[in-house]
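Read through the structure below, which is laid out as structure tokens, and then see the notes.
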Amino acid sequence: MDIQAYIQSGIIESYVLGLADAEEIAELLRMRDQYPEVAAAIEQFEAALKQQLENSAPPPPPSIKAALMQELAPEFSKPAVVKPMRTWLRYAAAASIILLIGSASLNLYLYNEVNETKGKYQALLVEKNSVIADNKVYQTKMQDMLNSLQMMNDPAMKKVMMPGVKGKEQMMTTVYWDSRSKDVYVFSNNMPAAPAGFSYQLWAIVDGKPVDAGVMDNCSGLCRMKNIPKAEMFAITLEKAGGSPVPTLTQLQVAGKV
Amino acid sequence: MEAVQQYSETELVYLLKQRSESAFSYLYDNYAQSLNAVILNIVPDHDLVQDVLQEVFVKIWKQIESYDAQKGRLFTWMLNIARNAAIDLVRSKGYRKQQQSSELTDRAAESAGTSQVATDHIGLRKLVYQLKEEQRVLVELSYFQGYTQDEIAQLLQIPLSTVKTRLRSALTQLRSSIKA
């Protein structure tokens, strides 16, 4: 069949203008499906006709469109119909929502973690500070011990052992007496803590008379006492807190000869 | 948003079937003028033309569900709805009565060259007037008055094949003047 002759036959115009009968239409649609040039010719004539019609008449008054939009308003779909979302877009949207939820949960989790870690960090800081403080205390004590040890082993130190008197034999105290400076130090080998309201007081016996050598308060390790130039004996009594001018001999605890 | 929106014919039909307001607005903006010209060629009364145009768009809206792209393109489909609506009006009893009563005025107007005659000089009418008489009659009867080719053959007492041949050659001539 000569397609060009068919296209030129007027059948297309007859069809578009609505003048073709059923048989002609059926034939044309068959030809259109078979030959792209027929389909193109239909489209071309439609466009030319539309153009010619538009050029030949004025546009209708705008009131018609307004009336139509008003008349059909109840029939328009409520949400403005947008192009249907493409499948991949739908999956992408779903995926991004899942990612968002995931990310939000992760954020919440990490936020809690950070808060918890902050708390732990604060606790550690406090603990560190107290450890440092303790450490300083121990260092000081260590230094004191070292100093004490050096003094005790000094050959110039005179060592006076003072065992417990009768009934207090388990007690033991030592006096270290510097032979150069005459400074007196005392070290509790084994003495119970003084009861509340009482203190231990050291006495030097000089020419048979007791001389106050100081109260042993707040002292651990080697305690520095008063300077005693001369003595033949040392003794410790339990006195009221703050000490006494004369020893209470009934409260004698330990004593030792130089 | 709608102003810049461009739809392909497939998209437009799909959205119309989804009852989209913006698609209908787009359809009107793109086709109202050409469909108006079609009606204007058949219905000479301007006021009635506006009624028919409105009625045509309501019909398009209501019937879009039954539109089948396999059977023809959207413009061809709408063109026929518009032409049929216009012919139906012209053929209706009420319209004929009104025309008869105002026939005298019409004739007077025609001879005076007023707006009634002007419709003969727009759209396809203008082109049809350039055809030979034997062709012009066929286009007049078929396109503007809606007679089938069978009916025309009986009406004019000529064979159907002659009607077909003459009409086809009239249309090819019309096409060349449309393209010109």
Side-chain angles (χ1 to χ4, degrees), chain A residues 6-26 28-29 32-33 39 41-84, chain B residues 1 11 14-15 18-25 28-29 31-38 40-41 49-50 53-54 57-58 61-62 70-73 75-76 79-80 83-84 119 121-127 139 142-143 146 148-150 164 167-175 177-179:
Chain A
Y6 181 75
I7 289 171
Q8 300 292 326
S9 71
I11 177 66
I12 288 171
E13 293 74 14
S14 173
Y15 159 76
V16 170
L17 291 171
L19 309 181
D21 59 33
E23 201 184 313
E24 290 171 317
I25 293 173
L28 179 69
L29 293 180
R32 177 201 66 182
D33 291 344
I42 294 172
E43 208 168 315
Q44 223 169 21
F45 178 68
E46 256 197 357
L49 179 63
K50 183 169 181 279
Q51 190 62 53
Q52 202 278 335
L53 287 166
E54 282 168 359
N55 290 345
S56 70
S63 59
I64 298 184
K65 185 180 180 185
L68 268 171
M69 297 310 279
Q70 200 180 357
E71 184 183 343
L72 297 180
E75 299 187 27
F76 293 135
S77 53
K78 287 287 177 280
V81 172
V82 288
K83 279 185 217 172
Chain B
M1 175 180 133
E11 281 175 326
Y14 172 81
L15 290 174
Q18 297 288 311
R19 312 270 94 184
S20 157
E21 179 173 3
S22 55
F24 181 77
S25 173
Y28 184 90
D29 292 344
Y31 293 102
Q33 194 176 352
S34 50
L35 297 183
N36 190 49
V38 168
L40 210 51
N41 276 162
V49 166
Q50 295 183 11
L53 183 65
Q54 191 168 335
F57 271 95
V58 172
W61 175 255
K62 305 251 186 231
Q70 268 305 303
K71 290 186 180 156
R73 291 170 53 76
F75 182 62
T76 302
L79 185 83
N80 279 292
R83 192 177 69 97
N84 289 336
T119 58
H121 294 284
I122 62 167
L124 291 177
R125 282 259 192 220
K126 187 182 170 187
L127 303 176
V139 176
S142 60
Y143 180 79
T148 65
Q149 297 183 34
D150 264 330
K164 284 194 172 184
L167 190 56
R168 295 270 189 99
S169 72
L171 293 174
T172 48
Q173 281 201 37
L174 267 183
R175 182 191 56 204
S177 28
I178 283 174
K179 283 175 181 168

Using non-hydrogen atoms and a 4.5 Å limit, figure out which bit of [X] sits close to chain B: side chain, backbone, both or neither.
X        : result
Glu71(A) : side chain
Ala20(A) : backbone
Gln8(A)  : both
Asp33(A) : side chain
Leu29(A) : side chain
Ile11(A) : both
Leu72(A) : side chain

If I measure from the heavy atoms of chain A, does [X] come under 4.5 Å with its side chain, its backbone, both, or neither?
X         : answer
Tyr143(B) : both
Asp29(B)  : side chain
Gln70(B)  : both
Thr148(B) : neither
Arg73(B)  : both
Val139(B) : neither

Tell me whether [X] contacts the main-chain N or O of [Y] through its side chain, where contact means a donor paired with an acceptor under 3.5 Å.
X        : Y         : answer
Glu24(A) : Asp21(A)  : yes
Asn36(B) : Ala32(B)  : no
Glu13(A) : Arg168(B) : no
Gln50(B) : Ile64(A)  : no

>> Between Ser77(A) and Gln18(B), is there a side-chain donor-acceptor contact under 3.5 Å, judged purely by atom types and distance?
In response: no
> How would you list all residue pairs meeting salt bridge (Lys or Arg N to Asp or Glu O under 4.0 Å) that involve residues 50-62 of chain A, not counting sequence neighbours?
Replying inline: Lys50(A)-Glu54(A)
> Should Phe57(B) and Phe24(B) count as side-chain neighbours, where that means a heavy-atom distance under 4.5 Å?
Replying inline: yes
> Any side-chain heavy atom of Tyr28(B) sitting closer than 4.5 Å to one from Leu35(B)?
Replying inline: no
>> Restricting to non-hydrogen atoms, name the atom on Ile12(A) and the atom on Ile42(A) that form the minimum distance, rounded to 0.1 Å.
In response: CG2-CA, 3.8 Å
